[in-house]
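Report on the following structure.
Quick note on labels: first sequence line is chain A, next is B, and so on, each numbered from 1. For clarity, every value in this text was computed on a predicted model and none was experimentally measured.
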Amino acid sequence: MADAPRGSNFLTDIIDADLAAGRNGGRVVTRFPPEPNGHLHLGHAKSILLNFGLAARYRGRVHLRFDDTNPETEETEYVEGIQADVRWLAGEWSALHYASDWFERMYGCAERLIREGKAYVDSQPQEAIREQRGDFGRPGVAGPFRDRPAAESLDLFRRMRAGEFPDGACVLRARIDMAHPNVLLRDPLLYRIRHAHHHRTGDAWCIYPMYDYAHPLEDAFEGVTHSICTLEFESNRELYDWVLDALGPWEPRPRQHEFARLAVGYTVLSKRKLLQLVNERRVAGWDDPRMPTLAGMRRRGITPEALRDFAERIGVAKNNSVVDIGKLEFSIRADLEGRCPRGLAVLDPLPVTVTTWPADRVEEIEIPWWPAEPGRGGRKVPFGRELLVEREDFALEPPEGWRRLAPGREVRLAGAWRLRCDEVVRGPSGEVAGLRCSHDPSSPRPDPGDRQRVSGTLHWVHAGRSRPAEVRLYDRLFAAEQPDAAEDFLSALNPASLAVARGARVEPALAEARAGDRFQFLRQGWFFADPVDSRPGAPVFNRTITLKDAWARPAVRAEPPRPAKARAPAPAAAPPGGGRTRSDDERIAADPVLAAFHRQAMAAHGHAASVARWLLNDLLGLARERSLDTLPLSAAGFGRFVALVDAGRLTPAAGKTLLADLVTRGGEPEERMRELGLERVGDRSAVAAAVDRALAAQAPEVARYRAGEKKLLGVLLGAAMRQAQGAADAALVRELLLERLG
RNA sequence: UGAGGCGUCGUCUAACGGCAGGACCGCGGACUUUGGAUCCGCCGAUGAAGGUUCGAAUCCUUCCGCCUCAACCA
């Protein structure tokens with residue numbers, strides 16, 4: 001199983017709180033629930049790593065579950081592919097389940113719903129049901145079968161299962177509320193008839209549960225505690241809870257939480273679109289190295305470790321976001337940097353004759369695989385009179401800043417001697433056909449000071465002793481950052497996403513690479529010996545990713561610099577009438593519950609304005625979604641609380657502490673105030689003592705404050721206020737603090 | 001139009017009433033037989049307006065913007 005990520009996020013916060021509250025008996029069980037109707041992609045990787053990571057972090061369990069409730073689209077091929085992908089990415093799961101394993105039990109639950117009047121068989125056609133559901137602006141209406149007797153529904157449902165009806169003849173529906181503001185709760189479908197062959201249950205069933213019914217039950221049956229899905233299921237949560245509440249009790253009771261799905265620039269992450277790319281032969285298959293599928297990325301040479309690093313870097317939150325693909329590329333490079341030996345390969349060869357080297361002499365140069373760590377071993381690389389260098393490493397008329405070969409220029413050949421270009425050999429039509437160069441036999445190898453003497457270092461191979469190899473140069477599949485924004489995403493395809501370097505030559509050692517080997521081709525990028533097409537002695541290399549290329553950037557740099565803060569100007573002094581905020585009184589009057597609460601509080605303490613202020617600014621926030629009348633604090637108690645503040649017995653700060661306590665625990669304000677020691681400290685020396693304690697505890701901050709970091713006054717003041725339980729007057733604390741800080 | 005969710009450097013993400021932090025990108029420098037790597041530095045943000053508070057990214061209000069939901073898919 002994957003290692004536990006270190007960072008925290010809103011989900012770890014939730015789990016921490018659950019654990020602290022003793023929920024689920026301290027268990028943490030997550031699940032990754034793919035539907036076996038396609039292959040997994042980078043977006044799933046985020047989800048897999050999240051669920052596996054959470055389980056690892058809390059020493060819990062993670063289930064792999066195939067959500068196979070739709071027989072028409074699901075296939076065994078996919079369940080096998082998905083298992084291989086998950087295992088590759090995250091390791092072994094704690095348990096493997098199939099939704100279809102629970103069909104019988106789900107069916108039993110459905111009968112129970114019918115018997116309890118919470119579900120009924122609707123015999124209307126699809127169109128009628130849709131019409132009756134209403135829409136956002138129009139409540140739904142009851143259909144003619146809504147009040148069908150339970151016995152009749154039960155009989156019909158059993159006959160549905162028995163196969164007495166054709167597809168679409170009737171459905172099982174939950175009886176919830178046809179006028180529910182959440183349209184998902186307007187008597188949602190639970191079961192539909194599908195006379196189709198299921199990849200696991202065969203023809204045993206002809207009715208299949210819908211997602212919203214099946215998913216919560218699968219979670220509950222499996223003992224899942226935290227059911228984590230993506231944001232678009234937020235509205236479904238209400239139905240998820242309805243199903244579980246109707247069929248409980250459950251221990252543990254699963255809870256659904258939603259996070260933002262992954263979106264990345266220059267790619268698409270939708271099963272439908274990926275399937276289209278495959279079906280229309282825009283790519284070679286699901287595992288085409290340009291595909292963002294796990295299979296594709298694996299074949300590209302990307303490792304699970306790189307993906308895990310990426311997942312950790314992007315974090316988990318609820319913001320809709322599009323991650324810069326540069327972030328993925330960074331993780332890939334960082335991972336490869338540490339794991340790949342460096343080899344020599346020339347993709348587009350330009351012949352070089354070393355005129356100063358004897359024609360028949362070949363010297364085997366020992367070059368370390370890891371230039372920075374020669375101790376990790378090396379190999380022999382043949383050097384001779386006829387060499388090949390990269391065509392793009394020579395320029396007839398070098399631009400400014402050129403650090404490669406050009407007429408008269410001297411460079412270092414990686415791992416070998418210095419080389420000077422003496423003469424350009426022209427072909428029949430005047431093109432550069434080769435170079436005649438001289439080497440400097442005295443140039444030491446290695447030579448730490450070389451950088452000062454030559455303009456750059458080039459990769460090279462021996463012309464005769466190097467070997468041909470197919471090298472596939474992959475680039476981003478899409479040329480536009482947001483292919484989805486285009487009206488047809490296919491139009492954003494990058495025509496240059498694959499180039500094959502057919503004339504490429506590699507040093508002998510690389511020609512012996514085995515499928516699955518990884519190398520950095522010096523100065524060019526990271527390459528992976530294709531596991532499918534490589535043959536012994538004839539590897540096919542996939543470029544996983546290029547090196548960062550600081551030389552290629554000037555073209556980009558020519559773009560205009562980022563606009564300096566094009567901030568929308570603040571609307572000049574908003575007119576008082578326009579966005580006028582309602583007064584406290586108006587707000588209270590507008591809400592009957594607030595008005596009643598305020599009135600009752602006033603009976604205990606007649607100061608309308610301060611009661612209103614505490615009510616609106618503090619109590620409301622503390623109450624959150626709870627209604628005021630369900631709080632353990634009565635309106636009268638609240639009034640007595642405000643009276644304590646107004647009487648000066650509570651400072652505002654202590655008041656907030658006390659109010660928070662009263663809202664959770666209840667109790668009599670004055671009594672709790674005394675129990676908590678919150679009553680205002682008027683005694684100057686007691687406050688001074690608190691200030692001194694705070695200063696002693698914050699020695700480093702005090703030193704920094706004295707050194708000039710005046711912004712730390714807030715921190716120190718806060719510390720002093722806490723020492724005094726908030727019971728000290730803030731002005732007095734400030735005064736004493738300033739006095740001591742000089 | 002109803003319901004739900006989300007707004008923090010260009011991008012992703014922290015800060016749970018008290019120092020707006022980190023990462024990627026970008027820019028600059030050091031170092032380097034990879035225009036790579038490494039190291040150092042710089043740049044740069046709380047959607048807006050009010051309110052509460054000694055103190056607000058955080059609590060309250062209003063406004064603005066974005067996303068999701070009206071499949072017998074998941």
Taking atom [atom2] of [N] as reference, at what distance in whole Å does atom [atom1] of [X] sit?
| X | N | atom1 | atom2 | value |
| --- | --- | --- | --- | --- |
| A/E586 | B/rU61 | CD | P | 15 Å |
| A/F330 | B/rU13 | CZ | P | 18 Å |
| A/R186 | B/rC72 | CZ | P | 14 Å |
| A/R734 | B/rU53 | CZ | C1' | 12 Å |
| A/N182 | B/rG4 | CG | C1' | 8 Å |
| A/I228 | B/rA74 | CD1 | P | 21 Å |
| A/W370 | B/rU34 | CH2 | C1' | 14 Å |
| A/L713 | B/rC19 | CG | C1' | 12 Å |

Distance check: side-chain N/O of [X] vs OP1/OP2 of [N], anything under 4.0 Å?
| X | N | value |
| --- | --- | --- |
| A/T69 | B/rC73 | no |
| A/K271 | B/rC73 | no |
| A/R261 | B/rA74 | no |
| A/N319 | B/rC6 | no |

Open item on the list: Quick check on RNA chain B: between A/L717 and A/G315, whose nearest nucleotide comes earlier from the 5' end?
Closed with: A/G315
Open item on the list: Pick the closest RNA chain B nucleotide for A/N320 and for A/N9 by heavy atoms, then say which residue is nearer the 5' end.
Closed with: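 The residue mapped nearer the 5' terminus is A/N9.
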What's the gap between [N] and [M] when it is taken at their [atom1] atoms, as a whole Å value?
| N | M | atom1 | result |
| --- | --- | --- | --- |
| B/rU32 | B/rG26 | C1' | 22 Å |
| B/rU52 | B/rU13 | P | 34 Å |
| B/rG7 | B/rA15 | P | 12 Å |
| B/rU34 | B/rU68 | C1' | 48 Å |
| B/rA3 | B/rU11 | P | 31 Å |
| B/rU58 | B/rG51 | C1' | 15 Å |
| B/rA70 | B/rU1 | C1' | 12 Å |
| B/rG22 | B/rC43 | P | 12 Å |

Determine whether a donor-acceptor pair (one donor, one acceptor, N or O, separation below 3.5 Å) exists between the side chain of [X] and the base of [N].
| X | N | value |
| --- | --- | --- |
| A/K327 | B/rA23 | yes |
| A/R704 | B/rC19 | yes |
| A/R237 | B/rG4 | no |
| A/K656 | B/rG17 | yes |

Open item on the list: Stacking between A/F136 and B/rC69, defined as ring centres under 5.5 angstrom apart with planes under 30°, is that present or not?
Closed with: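 Yes; by the centre-distance and plane-angle rule, A/F136 counts as stacking on B/rC69.
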Tell me what [X] touches on the nucleic acid: a base, only sugar-phosphate, or nothing, going by heavy atoms under 4.0 Å.
| X | answer |
| --- | --- |
| A/E701 | base |
| A/E131 | nothing |
| A/D729 | nothing |
| A/G401 | base |
| A/Q520 | base |
| A/R722 | base |
| A/G326 | sugar-phosphate |
| A/L231 | nothing |
| A/Q126 | base |
| A/E35 | sugar-phosphate |
| A/A414 | base |
| A/V733 | nothing |
| A/K318 | sugar-phosphate |
| A/W402 | base |

Any side-chain donor near an acceptor of the partner, [X] and [Y], under 3.5 Å:
| X | Y | value |
| --- | --- | --- |
| A/H215 | A/R65 | yes |
| A/N37 | A/E74 | no |
| A/Q124 | A/D122 | yes |
| A/Y98 | A/D67 | no |
| A/S610 | A/D646 | yes |
| A/D219 | A/S227 | yes |

- [ ] Starting at the 5' end of RNA chain B, write a dot or bracket for each base, bracketing those in Watson-Crick or G-U wobble pairs whose two distances are under 3.5 Å and using | for partners on another strand.
- [x] .((((((..((((....[..)))).(((((.......)))))....(((((..]....))))))))))).....
- [ ] List in chain and number order the residues that pass ring-ring contact (aromatic ring centres under 6.0 Å, His included) with A/H257, two or more places apart in sequence or in another chain; answer none if no residue qualifies.
- [x]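 ring-ring contact (aromatic ring centres under 6.0 Å, His included) check on A/H257 returns A/H226.
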- [ ] Taking only heavy atoms on the protein side, list every residue of residues 188-196 of chain A lying under 4.0 Å from any atom of RNA chain B, sorted numerically.
- [x] A/L189, A/R192, A/R194
TODO: Verify the ring-centre separation between A/F527 and A/F519: is it less than 6.0 angstrom?
DONE: no
Open item on the list: Less than 6.0 angstrom separating the ring centers of A/W526 and A/F521, yes or no?
Closed with: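 A/W526 vs A/F521: aromatic centres not under 6.0 Å.
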What's the closest nucleotide to the side chain of [X] if the choices are [options]?
| X | options | answer |
| --- | --- | --- |
| A/M721 | B/rU52, B/rG18, B/rA71 | B/rG18 |
| A/V183 | B/rC72, B/rU53, B/rC69 | B/rC69 |
| A/R587 | B/rC60, B/rA74, B/rG35 | B/rC60 |
| A/N617 | B/rU53, B/rG36, B/rC60 | B/rC60 |
| A/E234 | B/rU34, B/rC72, B/rG5 | B/rG5 |

Task: Pi-cation contact, A/F310 with A/K327 (under 6.0 Å, within 45°) - done: no
Task: A/R734, CZ: over 12 other non-hydrogen atoms inside 6.0 angstrom - done: no
Open item on the list: Applying side chain to side chain donor-acceptor pair (under 3.5 Å) to A/Y211 and A/N70, what does each step give before you reach the verdict?
Closed with: CA-CA 9 Å; A/Y211 167 85; A/N70 182 357; over 6 Å; no
Task: Minimal non-hydrogen separation, A/T69 against A/Y208, with atom names - done: O-CB, 3.5 Å
Open item on the list: Please check: side-chain N/O of A/R376 versus main-chain N/O of A/P341, any donor-acceptor pairing under 3.5 Å?
Closed with: no
